[in-house]
Amino acid sequence: LKGEGEKMTEIKITVPGVAATQRPRIAAGGRGMYNVPAVKAWKAVVKEAAFVAMLEAGRSQFPIPAGTSVTAVYRFYLPWPKATPKKLALTYGDHPQKPDLKNLLSHTEDALSEAGVWTDDNQVDEIPMRKWRCPRGEERVEITVTW
């Protein structure tokens with residue numbers, strides 16, 4: 001644990017769009033697993049946002065060295081259903097329905113690993129997460145990584 005008063009390093013990443021939640025599929029003939037196109041597209045967007053944030057923070061800090069404890073805070077902003085009354089659809093609100101948080105997290109965290117934010121995602125030892133409803137067009141994921 002970091003001592004009180006010890007300086008922590010932080011990076012903030014904002015990823016536009018809605019996180020992909022689809023699970024990998026088994027290839028024809030049982031020849032392994034592959035990600036569906038929506039997952040590949042989502043991972044590409046996450047990696048691009050991570051690269052930009054790392055450049056702004058000073059690329060030499062990354063990947064976060066092995067053995068370093070990391071906290072990653074995720075805020076998923078998802079659209080209201082299309083049938084939502086217009087007045088409500090322009091607000092932010094709780095999101096107690098599907099998709100599950102763990103499904104939202106999976107591909108996003110994998111993409112951060114592939115982008116080189118940390119050496120290995122097993123360094124992440126704390127993951128506060130929350131999902132919200134938001135007005136259409138404001139969908140995003142806000143990620144704050146501290147170490």
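The basis for the numbers below is simple: all heavy atoms, side chains too, and nothing from hydrogens, waters or symmetry mates.
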Decide yes or no for [X] and [Y]: does some side-chain heavy atom of the first lie under 4.5 Å from some side-chain heavy atom of the second?
| X | Y | answer |
| --- | --- | --- |
| Val45 | Pro16 | yes |
| Val15 | Trp42 | yes |
| Leu78 | Pro99 | yes |
| Trp118 | Ser113 | yes |
| Thr119 | Phe62 | no |
| Arg59 | Gln61 | no |

Quick check: does any side chain N or O of [X] sit under 3.5 Å from a backbone N or O of [Y], one acting as donor and the other as acceptor?
| X | Y | answer |
| --- | --- | --- |
| Asp120 | Asn122 | yes |
| Lys47 | Gly116 | no |
| Glu10 | Thr146 | no |
| Ser106 | Asn103 | no |
| Arg136 | Trp80 | yes |
| Gln123 | Asp121 | no |
| Arg133 | Pro79 | yes |

Shortest non-hydrogen contact from [X] toward [Y]:
| X | Y | answer |
| --- | --- | --- |
| Ile13 | Ala50 | CG2-N, 4.0 Å |
| Val141 | Ala19 | CG2-CB, 4.3 Å |
| Thr84 | Pro81 | OG1-O, 2.7 Å |

Quick one: do Arg130 and Asp94 make a salt bridge, cutoff under 4.0 Å? yes
Taking the basic N atoms (NZ, or NE/NH1/NH2) and the acidic carboxylate oxygens, is any pair closer than 4.0 Å for Lys43 and Glu114? yes
Give me the ring orientation class for Trp132 and Tyr77: parallel if the planes are under 30° apart, tilted from 30 to 60°, perpendicular past 60°. parallel
Please check if [X] and [Y] belong to a single hydrophobic cluster, counting links between Ile, Leu, Val, Met, Phe, Trp and Tyr side chain heavy atoms closer than 4.5 Å.
| X | Y | answer |
| --- | --- | --- |
| Met129 | Val46 | yes |
| Tyr92 | Phe76 | no |
| Leu104 | Val73 | no |
| Ile11 | Val52 | no |

From [X] atom [atom1] to [Y] atom [atom2], the distance as rounded to the nearest 0.5 Å:
| X | Y | atom1 | atom2 | result |
| --- | --- | --- | --- | --- |
| Lys102 | Ile127 | NZ | CD1 | 13.5 Å |
| His95 | Lys131 | NE2 | NZ | 5.0 Å |
| Leu101 | Thr21 | CG | OG1 | 11.5 Å |
| Arg140 | Cys134 | CZ | SG | 6.0 Å |
| His107 | Leu112 | NE2 | CG | 13.0 Å |

Chi angles and distances behind the side-chain contact (heavy atoms from CB on, under 4.5 Å) call for Val70, Asp125: CA-CA 6 Å; Val70 174; Asp125 58 7; 5.6 Å; no
Set out, in order, the CA-CA distance, both residues' side-chain angles and the distance that settles side-chain contact (heavy atoms from CB on, under 4.5 Å) for Val124 and Trp147, then state yes or no. CA-CA 9 Å; Val124 181; Trp147 66 98; over 6 Å; no
Go through it in stages, so that I can follow the logic: the residues are Val145 and Thr71, the test is side-chain contact (heavy atoms from CB on, under 4.5 Å), and I'd like the CA-CA distance, side-chain angles, deciding distance and then a yes or no. CA-CA 6 Å; Val145 179; Thr71 298; over 6 Å; no
